[in-house]
Protein chains: 2
Amino acid sequence: MTNKDARTPASIQDDMSEEAGKSIGWHKAYVEGSRPDLRVPVRQVHLTNGQSVTLYDTSGPYTDPHVDTDVRRGLAPLRENWITARGDTEEYAGRPVRPEDDGIKHTSPRGGLRNLDAVFPGRPRQPRRGRDGQAVTQLAYARRGQITPEMQFVALRENVSPEVVREEIAAGRAVLPANVNHPEIEPMIIGKRFLVKVNANIGNSAVTSSIEEEVEKMTWATRWGADTVMDLSTGRNIHTTREWVLRNSPVPIGTVPLYQALEKVDGRAEELTWEIYKDTVIEQAEQGVDYMTVHAGVRLPFVPLTANRKTGIVSRGGSIMAAWCLAHHKESFLYENFEELCEILAAYDVTYSLGDGLRPGSIADANDEAQLAELRTLGELGRIARRLNVQTMIEGPGHVPMHKIKENIDLQQEICDEAPFYTLGPLTTDIAPAYDHITSGIGAAMIAWWGTAMLCYVTPKEHLGLPNRDDVKTGVITYKIAAHAADLAKGHPGAQEWDDALSDARFEFRWEDQFNLALDPDTAREFHDETLPAEPAKTAHFCSMCGPKFCSMKISQDIRREHGGSRAEIEEGMAQKSAEFAASGNRVYLPIAD
Amino acid sequence: MTNKDARTPASIQDDMSEEAGKSIGWHKAYVEGSRPDLRVPVRQVHLTNGQSVTLYDTSGPYTDPHVDTDVRRGLAPLRENWITARGDTEEYAGRPVRPEDDGIKHTSPRGGLRNLDAVFPGRPRQPRRGRDGQAVTQLAYARRGQITPEMQFVALRENVSPEVVREEIAAGRAVLPANVNHPEIEPMIIGKRFLVKVNANIGNSAVTSSIEEEVEKMTWATRWGADTVMDLSTGRNIHTTREWVLRNSPVPIGTVPLYQALEKVDGRAEELTWEIYKDTVIEQAEQGVDYMTVHAGVRLPFVPLTANRKTGIVSRGGSIMAAWCLAHHKESFLYENFEELCEILAAYDVTYSLGDGLRPGSIADANDEAQLAELRTLGELGRIARRLNVQTMIEGPGHVPMHKIKENIDLQQEICDEAPFYTLGPLTTDIAPAYDHITSGIGAAMIAWWGTAMLCYVTPKEHLGLPNRDDVKTGVITYKIAAHAADLAKGHPGAQEWDDALSDARFEFRWEDQFNLALDPDTAREFHDETLPAEPAKTAHFCSMCGPKFCSMKISQDIRREHGGSRAEIEEGMAQKSAEFAASGNRVYLPIAD
């Protein structure tokens, strides 16, 4: 089954299509809820000892052999009935898609109006929003004491009671990003009481990559465990790329609307206006974007605070807004129009990710005045957003040395009323470009242990280039490690079962089980086979590290076998059994060629 | 210079041989001490802005174009005069090398006695030891108030006063591993007041790899920053492999003598005796091994404490001693003969690395009774060793979840009188075989911040196979990141200069400087070129991440340029200059093809 078990989209399908469930390895299963349309996907790992382990699964229908997926058709609208049943939303004509939405110049021959069908071949749809502009957010429902199907789904997924989910959302300590125009998602929750989540960034740029690549990066990222995906496209076809990503994504999609707004004014920050920005937000909300990064905390008086920094402003959104504020010598139009923006987001249930546009871009700038001034503003804006029923999380750094990490999360929790913290790393040193998934994985694990709810991954290409498919996988795997290490340190119920199952397999030389339980089964198997390729080695009671002559795990087993299981038995049996052991001891060693 | 700058042994030689120093990139330099034979190697990085940055260098003479190295001849005996000048050692015939030292059976046709010349073609040498078995250790000298050339070398290397070095060694808070039979090393120090060090394990096994490979792994590991190297060979040619590694190593070499002793009894733990072990220690001490892992803390009464563990005993040395104790139902011969062992080590200045044979091998077993019982014994043995003037460090785990890491270092420092802690990771989760350099890099950075003096690297092959050359590099780079992140968090003087220099280069778009200052210049350059290969991109004021249209760093620079350097100037200038900025703003954007 070695080949069949390779974790590529195609081969998983193969693996699954033949008697899924019976095959050693893993298969997609569902935890059934209180109603037929509540089916929570899980990854069921089958062990050679007959047991099985159930793991959280973000890979969507793509890993279910019984679902036939087609990127041109998009995923089934899982939540559609839940949304319509609430009866508080209405479909409407929506904003016409314009050529400039895809960065096509007005003069371009490719110009002319288009409708969504042209943008995406899948089922025609009209956008939906709250009737009479009312807030149709999970936060509003939670406050009314309503437990939505989305909350029930999440409760099953996190193995907690629906009431806990409702309470955390109502208190603003957790968000459930779920735009009414993105019915395809499998609901998930972001909050410190729940499993630590990981976001993967994708997105083409003016320089490179295509629509197909971005859709593939999204499915690839979720296959390896990304809980949400941000589309940071900045080049051509922004609107169309986003539409394809949304229609095919089983996880919430986040964006930075400012990037597209800037494209609409040909990259001239000073030409941005509230109207252009607002129109872009509505455009994206109608498509189904689940959360948006808004850099409303970059205020005019804070820009000078960055003057003496080593690396100034490193956030694109932050520097765009800083440039605008300076060009007009006016307060940020995002800050000035924040309440109106809240009303728009509330009508689609778009979640805020209040951006840290002034985050430090180097160890030298960590926890400085500019960063903290902005954080205090984000706390203030978060209170306004929640008052207007908009779900809100707060973004965090960045580059921070280890001894300054805890201060970040503690200040954020205090200033922002425990709103979910969503951090980029942080990177714990600046000296290792090409390894910033590691410099930041260290900081990410620590800050998540201390309370960060979601980690934005960093790939090996950070500071150097756009991530390719391999970089996306490396970034996601590294961050799943950081997130799980944090779940363990937080004592999250059930987190250690995964470690225990793998360590049992390791101790009992169940190599295939060790591979299948691994975060990356392919690479684990490949590394083992590099030195001991033969199939027998998969059951051998040794590995290439110590060789057949002496294996510490093996002798530990013999100690246990020879002297009974429990400590008492061993102490009692040691004396008498020592002679017997001397004889049996040789059984430890397999013959070795001379 | 792009090609010339590739960081492979060959090309470095090329790079250097032509006007080293003038070439952009880096070159080997020396900090001159109070006497001509005190020359401390450094890596001098030359920046395009005319400045240069000096970095700690472990790569030895191999990166000095003016030194002609030959692995068959070995390195020059840098310390020989220092050692002889002390007049407290004597050369002697030494123990004859026996075929079984290389794992060759007595019956083997290849049998028969050999001398060192046959083992290594380099200059003939006789072993040296303390006259009349006296302690010729850096600890003994430090206690007498003597500041040795080794201490002066280290003081220059760490940029501290020689007296601080002497005090830390005298107090047992630091060790300077330097066997009198390993004059080739460039002295280094291990202690929490100094830079965090990284050890790389090499070693062939019964299953794979050769002498040449191991020597190459050693030079490769030190090139990337390994401060010490442990030769954990277990198969054939153990003695000869070690001799080649020692004669060519610019860094201290550590071993686990028990591994070779076990080979001498064909892997039958119960057939081990104190005499065979002692003979092996002397054999290795005469060759010049600088520190030895001794599992004297694995006592008979502790073995049953491992019975109910998830992964029993995972240390090879630990399980060998446990097997011996059970087979004979006797107390460990290492524990029983510890004082005699101290006297042997003191006569060669071999440093103890008291092994944690009962370290946890899984998250479930972390900080358990077996581990702590052994730690208390290591504290007791450390006091005996220091009384007998043997330098001593203490080994630590292993697998430990983040919330239990600090307890490890705090207990060790308290129980072991602040003796240097030397930890393997720890791994913060069990679920990621093939990525354990990362699961452990997280724990390593944290425990080093809290006081661990040296980190034993873990490669991606941990739990799966023997590391190859690439794995060694990945392991070393990952651990250099962890060590440097810890130096930053500890506020080690000068540590942040490296980060600052790189961040300045990043902010000023000095791409070549960013590459040359990187921990791994090759990979950083390669990743950048993947998306923007053209040479002009090396000076471009943008990268493929944001593209030419908008770059946050660039606009930060413009903000600074347009509004003067300081915060005051900016505040004062903002209003008047905003119009001017609007015009100049467009200069931010380079033309983009439509």
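Here is how names work: the chains are called A, B, and so on, in the same order as the sequence lines, proteins then strands, and each is numbered from 1. Keep in mind that what you see is a predicted model, and the values were worked out from it rather than measured.
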Among [options], single out the residue with the greatest number of heavy-atom pairs under 4.5 Å to chain A.
options                                : answer
B/Thr428, B/Asp365, B/Ile405           : B/Thr428
B/Leu232, B/Asp471, B/Ile477, B/Thr474 : B/Ile477
B/Lys490, B/Lys404, B/His484, B/Gln514 : B/His484

Search all heavy atoms of [X] against all heavy atoms of [Y] and return the closest pair with its distance.
X        : Y        : result
A/His463 : B/Trp511 : O-CZ3, 3.6 Å
A/Gln496 : B/Ile363 : CD-CG2, 3.8 Å
A/Pro433 : B/Arg506 : CB-NH2, 3.8 Å

Which atoms of [X] approach chain B - backbone, side chain, both or neither, heavy atom under 4.5 Å:
X        : value
A/Pro460 : both
A/Ala486 : both
A/Leu519 : both
A/Leu427 : neither
A/Ile431 : both

Item to check | Check: A/Asp499 side chain, B/Asp430 main-chain N or O, donor-acceptor pair, under 3.5 Å | outcome: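 Looks like yes, one N/O pair under 3.5 Å.
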Sort out for me which of [options] touches chain B most, counting heavy-atom pairs under 4.5 Å.
options                                : answer
A/Gly318, A/Gly443, A/Ala518, A/Pro401 : A/Ala518
A/Ser362, A/Ala445, A/Ala432           : A/Ala445
A/Leu517, A/Thr439, A/Asn468           : A/Thr439

Item to check | Reported CG-to-CD distance for the pair B/Leu464 and A/Glu526, which is rounded to 0.5 angstrom | outcome: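 Reported to 0.5 Å precision, the distance equals 10.5 Å.
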Item to check | Step-by-step side-chain contact (heavy atoms from CB on, under 4.5 Å) determination, A/Phe507 to B/Lys310 | outcome: CA-CA 8 Å; A/Phe507 188 67; B/Lys310 189 156 285 292; over 6 Å; no
Next on the checklist: Between B/His437 and A/Ile438, does the side-chain contact (heavy atoms from CB on, under 4.5 Å) criterion hold? Intermediate values first, please.
Outcome noted: CA-CA 9 Å; B/His437 57 303; A/Ile438 297 176; 4.3 Å; yes
Checklist entry - Using non-hydrogen atoms only, which part of B/Ile442 is less than 4.5 Å away from chain A: side chain, backbone, both, or neither? => result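 Both parts, heavy atoms under 4.5 Å.
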Checklist entry - Can you list the steps and then say if B/Thr523 with A/Tyr435 is a side-chain contact (heavy atoms from CB on, under 4.5 Å)? => result CA-CA 9 Å; B/Thr523 309; A/Tyr435 297 85; 3.8 Å; yes
